[in-house]
There are 2 protein chains.
Amino acid sequence: MNKSDALTALAALAQEARLDVFRLLVQAGPEGLPAGQLGERLGLPSATLSFHLKELRHAGLVRFEREGRSLIYSAELANMNGLLAYLTENCCQGNPAACGVGLCDGTKLETPQQRKPS
Amino acid sequence: MNKSDALTALAALAQEARLDVFRLLVQAGPEGLPAGQLGERLGLPSATLSFHLKELRHAGLVRFEREGRSLIYSAELANMNGLLAYLTENCCQGNPAACGVGLCDGTKLETPQQRKPS
DNA sequence: TTCATATCTCCATTTGTATGGAAATATGGA
DNA sequence: TCCATATTTCCATACAAATGGAGATATGAA
């Protein structure tokens, strides 16, 4: 995952309809869901849904395959993971053990350095 | 993490300067970095940097504390983790073991359902 | 071939975001 | 008190993204 891909993916997810669609597909898993069902569940007009699905595709976050008259969309989990890894890369000066692997929470550090919220 | 917070955080990260700033702070860890050093390392004019830091703050992704004349910014790692958790919530029909915990890659599924990319 | 279904593309309108110079504010030192 | 430093706020300009109706396209069934 490079910076440009990460930016495209983040921009794709930074939109309510697309975030909803993506999370629904993540939850659906590799089986995926047909476009029509996505639109129905989320209450999106077809033109709007199609626009957002295209954005998600261009961002590499979903794929589709045709099945009869339906297009079955599913999440690109590997790319999602690449994005998460990009965000957390070298967390805490490359000392991931210091703040928890994968989900870095800083709580295990010896000097928690408490700070007031801004 | 609710949807609205997730959207705000994603929108904040979907911008090159802010993504750079945030990753630098994630890497710096709880010690953080002064605003000036961020601007210097990333080549951002002060007004531009300040604008982006404000966005990141409002999104709950960074905090700051004053130290003399400098403002020391650091990443809100707990909120970052909340965002990642929100994205991967109920991955693969709530069967996280099926696709790897934390970083869900789908490779461990019994029926990988290979699909052509779109 | 003709029709119904599923989805997409086109496009005009509306809305929101990024940029950076200039001036304002806050802190600490002389 | 006055100045230098660090950072912010103000603001005009420029650019990008979301929406959804109408019509186009693709598939399968009769």
Side-chain angles (χ1 to χ4, degrees), chain A residues 3-4 6-22 24-25 28 31-74 115-118, chain B residues 3-4 6-22 24-25 28 31-74 115-118:
Chain A
K3 178 155 73 177
S4 167
L7 281 168
T8 307
L10 289 165
L13 293 173
Q15 206 284 335
E16 182 166 14
R18 289 194 296 261
L19 183 57
D20 287 343
V21 166
F22 181 72
L24 217 44
L25 291 178
E31 321 272 295
L33 288 172
Q37 200 163 130
L38 289 169
E40 208 173 300
R41 289 210 204 176
L42 300 173
L44 294 172
S46 64
T48 300
L49 175 63
S50 186
F51 170 79
H52 290 308
L53 283 170
K54 194 204 242 178
E55 294 288 303
L56 287 168
R57 268 197 293 126
H58 287 160
L61 289 168
V62 308
R63 60 176 65 186
F64 72 87
E65 67 174 352
R66 181 173 283 279
E67 195 168 288
R69 276 177 288 198
S70 299
L71 298 185
I72 311 288
Y73 282 84
S74 57
R115 293 204 164 99
K116 295 164 199 159
S118 331
Chain B
K3 178 154 76 177
S4 167
L7 280 168
T8 308
L10 288 165
L13 293 172
Q15 205 284 335
E16 182 166 14
R18 290 195 295 260
L19 183 57
D20 286 344
V21 166
F22 181 72
L24 217 44
L25 291 178
E31 320 273 296
L33 288 173
Q37 200 165 132
L38 289 169
E40 207 172 301
R41 289 207 204 176
L42 299 174
L44 294 172
S46 64
T48 300
L49 174 63
S50 186
F51 169 79
H52 290 307
L53 283 171
K54 195 203 241 175
E55 294 287 306
L56 287 169
R57 266 197 296 128
H58 288 161
L61 288 169
V62 308
R63 60 175 65 184
F64 73 88
E65 69 175 353
R66 181 173 285 280
E67 196 167 287
R69 275 177 289 198
S70 297
L71 298 185
I72 312 289
Y73 282 84
S74 56
R115 292 203 163 99
K116 294 164 197 159
S118 331

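Here is how names work: the chains are called A, B, and so on, in the same order as the sequence lines, proteins then strands, and each is numbered from 1.
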* Heavy-atom check, side chain of Leu44(A) versus side chain of Leu38(A), under 4.5 Å -> no
* Asked: Arg63(B) versus Ser74(B): any side-chain heavy-atom pair under 4.5 Å?
  -> yes
Rounded distance in Å - [atom1] ([X]) to [atom2] ([N]):
X        : N       : atom1 : atom2 : result
Leu49(A) : dT5(C)  : CG    : P     : 19 Å
Glu67(A) : dT27(D) : CD    : C1'   : 13 Å
Phe64(A) : dA26(D) : CZ    : C1'   : 12 Å
Leu7(A)  : dA16(D) : CG    : P     : 14 Å
Leu56(B) : dA18(C) : CG    : P     : 10 Å
Leu42(B) : dT19(C) : CG    : P     : 12 Å
Leu44(B) : dA18(C) : CG    : C1'   : 12 Å
Leu53(A) : dT19(D) : CG    : P     : 13 Å

* Measure from the side-chain heavy atoms of Arg69(B) and tell me the nearest of dT7(C), dT27(C), dA6(C). => dT27(C)
* Given dT9(D), dT19(D), dT19(C), which nucleotide is nearest the side-chain atoms of Phe51(B)? -> dT19(C)
* Would you mind classifying the nucleic acid contact of Thr48(A) as base, sugar-phosphate or nothing, using non-hydrogen atoms under 4.0 angstrom? => base
* Counting any heavy atom closer than 4.0 Å, what does Ala47(B) reach on the DNA or RNA strands: base, sugar-phosphate only, or nothing? -> base
* **Residue whose closest nucleotide on DNA chain D lies nearer the 5' end, Arg18(A) versus Arg66(A)** => Arg18(A)
* Structure fact -> Ranking Ser46(A) and Gly36(B) by the position along DNA chain D of their nearest nucleotide, the one closer to 5' is Gly36(B)
* Would you find a donor on one side and an acceptor on the other, under 3.5 Å apart, between the side chain of Arg18(B) and the backbone of Ala12(B)? -> yes
* Is the closest basic N to carboxylate O distance between Lys3(A) and Asp20(B) below 4.0 Å? -> yes
Check the phosphate of [N] against [X], side-chain N and O only, distance under 4.0 Å to OP1 or OP2. Yes or no?
X        : N       : value
Tyr73(B) : dT8(D)  : yes
Gln15(B) : dT19(C) : yes
His52(A) : dA17(D) : no

* Asked: What is the distance from atom CG of Leu49(B) to atom OH of Tyr73(B), rounded to the nearest 0.5 Å?
  -> 7.5 Å
